[in-house]
Amino acid sequence: MSRRNNRNRNRNRNKNRNTNSEPVKVAVAPKVTEIEYFEGISVKELSERLGKNPSDLIKLLFMMGTVVNINTSLDNDTVELICLEYEVDATEVAVVDELALDDEVEDDAENLEERPPIITIMGHVDHGKTTTLDTIRKTEVAAGEHGGITQHIGAYQITRRGKKLTFLDTPGHEAFTAMRARGAGVTDIVIVVVAADDGVMPQTREAIDHAKAAGVPLIIAINKIDREGANFDRIYSELSDLGVMPEEWGGTTVFVKISAKTGEGIEELIDTILLASELEELKANPNRIAVGSVIEAKLDKGRGPVATLLVQNGTLKTGDPIVIGSTFGRIRKMTASNGQELETAGPSMPVEVIGLQDVPVAGDPFRAYENEKEARVMADKRNIARVESERTQSSALSLEDLSKQISEGVMQDINLVIKSDVQGSAEALKASLERLSSDEIRVNVIRSTAGTITESDILLASASKAIVIGFNIRPTAAVRNLAEEKKVDIRLYNVIYHAIEALEGAMKGMMAPVFEEVIFGQAEVRQIYKVSKIGTIAGCMVTDGKIMSDSDMRLIRDGIVIYEGKLSSLKRFQNDAKSVNQGFECGITIANFNDIKEGDIIESHGEQQVEVEF
């Protein structure tokens, strides 16, 4: 009985509630009529902007024949198609790189103050770069270096005539070409030191190449003028051939004659630097968060990761949280180049800092933050982005990439490094390729010299996003490996017009190479055997890859191609061999050719058909 009464009471209660309550109102979201999107937007992000469920977009694309998930990046055409289906107007906007550390904030003109110039000293080894800086700084830097040769990049700031000057002293020998490229990347003025009794040397040319690539004012300091054998006319002529014309000859480059040892001409050099910096009108805003670049970094056993930073804008303070690349830290100590401990460092100031979690990469930008949490989050994000980028991207440029970019209207300048067997061919190739320049596309030859392709050429090409063109020369296995590592495209030709046609085709966006050369391997000739009925037998050691008996071959001597033809025979001991791998000895005879010498390189190569789609 009680159960029946409870049921009746509940029924009446529900009846009264329905009678007295008002109708439930459901909020309807306004229909989206227009959105903004960026290139590569994900399915999830687009669905949020459209006010749709991600599954709706996935289903729609599946019906169109495209299988995606919520994280798939969409191209512009697909985004437009989806928006058209939902009757939404879509507008593409530029992507804002939230992970950028470089200075993207435009400072107001009233906040800008004059800053010291950053001067890079470059030149050939032992031409007196560090001694020149010594004389300017009135200190003994060179005395502390091994053998008097600078081993690491150094940054120093001095005050002369009431104005501060920041100097970057870079190593001069070939092994440190990449460090020299980093120095040119942050500099305002470049001084190239040339010894009066030695003239223009290979590293002198490289220094000028880097200065030109950086697009900064160039000053030539002719050092050691007090020595016998100084020949100024020869230096003027050699530098003019490199496109550096002295003012005395009607050019725009200032040449200053100095003696770093006696101090002669140093004051004139400083005057020239100060004048050049005034013409540049260098300014920065010291009253903001600091940004800049890493000049050098190392791991010190006692202090941990140590980095030399160059503040390019803002003011860096002790205790600042800082992000460099994907590395985080809080500055525990800042030291100036003279050893003085600092609390703050303003624009153009080089400082050595400790307090980082890891050793950063030299050349990376850095940025200070207001709080540590924000800096940690940014470092984590950049670390994830770096890993993803390394998996999918390359900063280098190939001729096929060039062709595609030009056809899409992206590329404006084409940087080339030209190496040839003789200087005449290099100049002829340079002139022919530069003539291909048009109003829309400019061919820029940043280096054109005789000799085989070196690691220095690859490093310069990598830094400048250039393509290396070799004429009648062959790179070594080490150089090819470095080019592969740096993703630098090397193009080798034996006929000038073939190089011209390839580049011209790329510039027209129509390049479609049919064949691509494949290098099977190289062998070094260790011994020579003369056999009357056979000819010259080369006793070889395979140093890279493998030698194929049925392949084409080249005989290379000192990086220059001496002969091209076919192998006559390939033997392991007394037996014929189809191929011989790296690390094994073999006997080789070349068809119709006997002028083989010890130290020659025999290269086995062939061609494979490729299809390039754009």
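By convention here, the first residue in the shown sequence is residue 1.
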Crowding at CD, Glu281 (>12 non-hydrogen neighbours, <6.0 Å): no

Does the Ser293 side chain pair with the main chain of Leu310, one donor and one acceptor, at a distance under 3.5 Å? no

For Leu429 and Ile418 the tightest heavy-atom approach is CD2-CG2, 3.8 Å

Who pairs with Asp209 by salt bridge (charged side-chain N to carboxylate O under 4.0 Å, His left out), at least two apart in sequence or on another chain? Arg447

Within the side chain of Ser462, is there an N or O that forms a donor-acceptor pair under 3.5 Å with the backbone of Ile458? no

Do side-chain atoms of Thr204 reach the backbone of Met201 as a donor and acceptor pair under 3.5 angstrom? yes

Test salt bridge (charged side-chain N to carboxylate O under 4.0 Å, His left out) applied to Lys419 - qualifying residues, sequence neighbours left out: Asp457

Distance-only, no hydrogens or angles: does the Asp358 side chain make a donor-acceptor pair with backbone N or O of Thr327 under 3.5 Å? no

Sequence neighbours excluded, the answer for side-chain hydrogen bond (donor to acceptor under 3.5 Å, both in side chains) partners of Arg234 is none

Going by the rule salt bridge (charged side-chain N to carboxylate O under 4.0 Å, His left out), which residues pair with Asp558 if we only count those two or more places apart in sequence or in a different chain? none

Taking Asn444 for the side chain and Asn415 for the main chain, is one N or O donor matched with an acceptor at less than 3.5 Å? no

Tell me, please, which residues at least two apart from Ala477 pass side chain to side chain contact (heavy atoms under 4.5 Å, CB included). Arg480, Gln522, Asp544

Is there a side-chain contact between Leu309 and Ile322, using heavy atoms and a 4.5 Å cut-off? yes

Do Tyr156 and Leu165 have side-chain heavy atoms sitting under 4.5 Å apart? no

With sequence neighbours left out, what residues match Thr318 under side-chain hydrogen bond (donor to acceptor under 3.5 Å, both in side chains)? none

Residues two or more places apart in sequence or in another chain: which of them pass ring-ring contact (aromatic ring centres under 6.0 Å, His included) with Tyr236? Trp249, Phe255

Provide the full list of side-chain hydrogen bond (donor to acceptor under 3.5 Å, both in side chains) pairs with a residue in residues 341-352, sequence neighbours left out, each pair given once. Arg115-Ser348, Arg303-Glu352

For residues 211-221, the salt bridge (charged side-chain N to carboxylate O under 4.0 Å, His left out) pairs (sequence neighbours left out) are none

Those residues at least two apart in sequence (or on a different chain) that pass side-chain hydrogen bond (donor to acceptor under 3.5 Å, both in side chains) with Thr262 are Ser259

Applying salt bridge (charged side-chain N to carboxylate O under 4.0 Å, His left out) to Lys163 and not counting sequence neighbours gives Glu114

Applying side chain to side chain contact (heavy atoms under 4.5 Å, CB included) to Asn287 and not counting sequence neighbours gives Glu113, Asn285

